[in-house]
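Accompanying notes for the structure given below.
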Amino acid sequence: VIHGLNQKPNVMQGVINRLNNEGIDTLNLILSGHNIINLSDDQRLKRFKNVSYHQWSDEVYQGAKAAQKHAEENDVPLFLVGYSIGGLLGCDLIISKPDVNIERMILLAPALSIHYSSRTLAILSPFPNLVIPSFSPENYRANSGTPIAAYNALYDTIDHFEDNLSDKINIPTAVFILSLIHI
């Protein structure tokens with residue numbers, strides 16, 4: 001299970017609990033810059049200002065390899081659940097890493113394509129430490145804002161996904177367009 005951009009990973013806990021209640025083991029992958037447990041706000045934001053596509057891609061790959069090992073040891077299929085950028089990173093994983101065998105996906109509002117107006121922040125790409133304040137509810141967001149570095153990572157992930165799109169992504173998938181914000 002991979003969370004969204006600047007989202008507290010525990011927001012995905014409802015999905016995880018539902019899967020666990022159905023007898024499905026889960027791995028809650030936490031992308032750099034989002035860990036709200038072991039880091040202070042300043043430490044977390046500092047890490048968030050240094051994220052990149054390659055870093056997040058590697059984190060997803062390492063998590064998928066661990067999940068795949070568990071699935072193989074227990075002779076069960078490997079599924080991916082991703083919200084927003086988590087869905088994008090999961091899809092990018094599938095087309096980029098043939099040694100990961102994900103059999104099915106559930107994508108929740110995946111950021112596979114974004115409206116051109118959402119790319120306006122790209123003009124700020126030379127300023128990765130600049131933080132854009134977040135207007136999402138405090139109980140939803142991991143940080144008070146999102147650094148341009150994270151938007152750069154998002155844009156790079158989309159570009160990589162689009163440039164490498166292949167039939168590998170053609171696996172059984174359920175796509176839901178929704179919001180996981182709880183007010």
Side-chain angles (χ1 to χ4, degrees), residues 1-9 11-12 27-36 39 43-68 78-102 105-134 136 140-171 173 175 177 180:
V1 176
I2 310 170
H3 60 82
L5 185 64
N6 198 21
Q7 179 185 34
K8 286 182 179 177
V11 170
M12 300 300 291
L27 171 70
N28 187 9
L29 191 133
I30 300 173
L31 299 170
S32 289
H34 295 82
N35 186 343
I36 61 169
L39 300 174
Q43 291 171 318
R44 186 175 53 257
L45 190 56
K46 182 178 179 180
R47 288 189 182 184
F48 207 19
K49 290 178 180 179
N50 291 298
V51 299
S52 68
Y53 158 71
H54 293 290
Q55 178 182 11
W56 281 347
S57 177
D58 186 58
E59 291 171 357
V60 170
Y61 178 61
Q62 296 304 321
K65 290 299 287 182
Q68 182 170 289
L78 180 60
F79 292 4
L80 178 128
V81 178
Y83 175 64
S84 187
I85 196 171
L88 171 63
L89 284 161
C91 289
D92 188 68
L93 169 83
I94 290 169
I95 63 172
S96 301
K97 305 293 184 187
D99 59 322
V100 176
N101 185 26
I102 293 175
M105 290 188 292
I106 299 172
L107 303 177
L108 309 169
L112 301 177
S113 177
I114 58 175
H115 194 270
Y116 71 91
S117 65
S118 297
R119 287 226 184 211
T120 56
L121 291 175
I123 63 171
L124 298 173
S125 64
F127 309 101
N129 290 326
L130 179 65
V131 177
I132 306 300
S134 175
S136 62
Y140 174 83
R141 64 180 187 244
N143 297 281
S144 61
T146 305
I148 295 299
Y151 288 108
N152 291 343
L154 168 65
Y155 303 147
D156 290 346
T157 307
I158 291 171
D159 292 343
H160 186 268
F161 176 71
E162 290 176 350
D163 290 346
N164 294 282
L165 193 57
S166 72
D167 288 344
K168 295 178 195 172
I169 199 72
N170 191 14
I171 63 173
T173 303
V175 179
I177 306 300
L180 294 179

Q: Assess whether side-chain contact (heavy atoms from CB on, under 4.5 Å) is satisfied between I158 and L112, documenting all intermediate values.
A: CA-CA 6 Å; I158 291 171; L112 301 177; over 6 Å; no
**Q.** Intermediate values then yes/no, side-chain contact (heavy atoms from CB on, under 4.5 Å), L80 and L107
**A.** CA-CA 8 Å; L80 178 128; L107 303 177; 4.1 Å; yes
Q. Can you list the steps and then say if D156 with Y151 is a side-chain hydrogen bond (donor to acceptor under 3.5 Å, both in side chains)?
A. CA-CA 8 Å; D156 290 346; Y151 288 108; over 6 Å; no
**Q.** side-chain contact (heavy atoms from CB on, under 4.5 Å) between V51 and R47, intermediate numbers included
**A.** CA-CA 7 Å; V51 299; R47 288 189 182 184; 5.8 Å; no
Q. Step by step, would you call L154 with Y53 a side-chain contact (heavy atoms from CB on, under 4.5 Å)?
A. CA-CA 7 Å; L154 168 65; Y53 158 71; over 6 Å; no
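The two atoms that bring N28 and P9 nearest to each other are ND2-O, 3.6 Å, heavy atoms only. Across all their heavy atoms, L78 and A67 have their closest contact at CD1-CB, 3.7 Å. In this structure, V100 and A64 approach most closely via the heavy-atom pair CG1-CB, 3.9 Å. Minimum interatomic distance between I95 and S166 (heavy atoms only, all atoms of both residues): CG2-OG, 4.0 Å. Contact between E59 and I30 at its shortest, heavy atoms only, is OE1-O, 4.2 Å. The heavy-atom pair separating M12 from I2 by the smallest distance is CE-O, 4.4 Å.
Residue-environment remark: NZ (K46) stays at or below the threshold of 12 foreign heavy atoms within 6.0 Å.
Contact check on D92 versus K97 returns no salt bridge, with no Lys/Arg side-chain nitrogen under 4.0 Å from an Asp/Glu carboxylate oxygen. R119 and D159 are joined by a salt bridge, as a carboxylate oxygen and a charged side-chain nitrogen come within less than 4.0 angstrom of each other.
Side-chain contact between L88 and P110 is absent, with no heavy-atom pair separated by less than 4.5 Å. Proximity of N152 to L121: side-chain heavy atoms (C-beta onward) are nowhere separated by under 4.5 Å. Residues Y83 and L5 fail the side-chain proximity criterion, which asks for heavy atoms closer than 4.5 Å.
Between the side chains of R44 and N35, no donor N or O sits under 3.5 Å from an acceptor N or O. Side-chain contact annotation: S52 with H54, donor-acceptor N/O pair under 3.5 Å absent.
Rounded to the nearest 0.5 Å, atoms CD (Q68) and CG (N101) are 6.0 Å apart. Summarising the geometry, atom CG belonging to L93 is positioned 11.5 Å from atom CZ belonging to F161; distances are rounded to the nearest 0.5 Å. Taking CZ from R141 and OG from S136, the interatomic distance works out to 5.5 Å, rounded to the nearest 0.5 Å. One distance of note links OH of Y140 with NE2 of H3; it measures 10.5 Å at 0.5 Å rounding. Atom CG of L124 sits about 5.5 Å away from atom CD1 of I132, to the nearest 0.5 Å. Note that CG of D58 and OH of Y61 are 9.0 Å apart. Values are rounded to the nearest 0.5 Å.
Annotation: side-chain contact (heavy atoms from CB on, under 4.5 Å) contacts of I106 (sequence neighbours excluded): V81, L108, F176. Among residues two or more places apart in sequence or in another chain, the side-chain hydrogen bond (donor to acceptor under 3.5 Å, both in side chains) test is passed with T146 by N6. In this view, S84 and A111 satisfy the side-chain contact (heavy atoms from CB on, under 4.5 Å) rule, not counting sequence neighbours.
Relative orientation of the F48 and H34 rings is perpendicular, given thresholds of 30° and 60° on the angle between their planes.
Put simply, the residue from T157, N164, D163 that forms a side chain to side chain contact (heavy atoms under 4.5 Å, CB included) with H160 is N164.
In this structure, the side chain of S118 does not engage the main chain of Y116 through any donor-acceptor pair within 3.5 Å.
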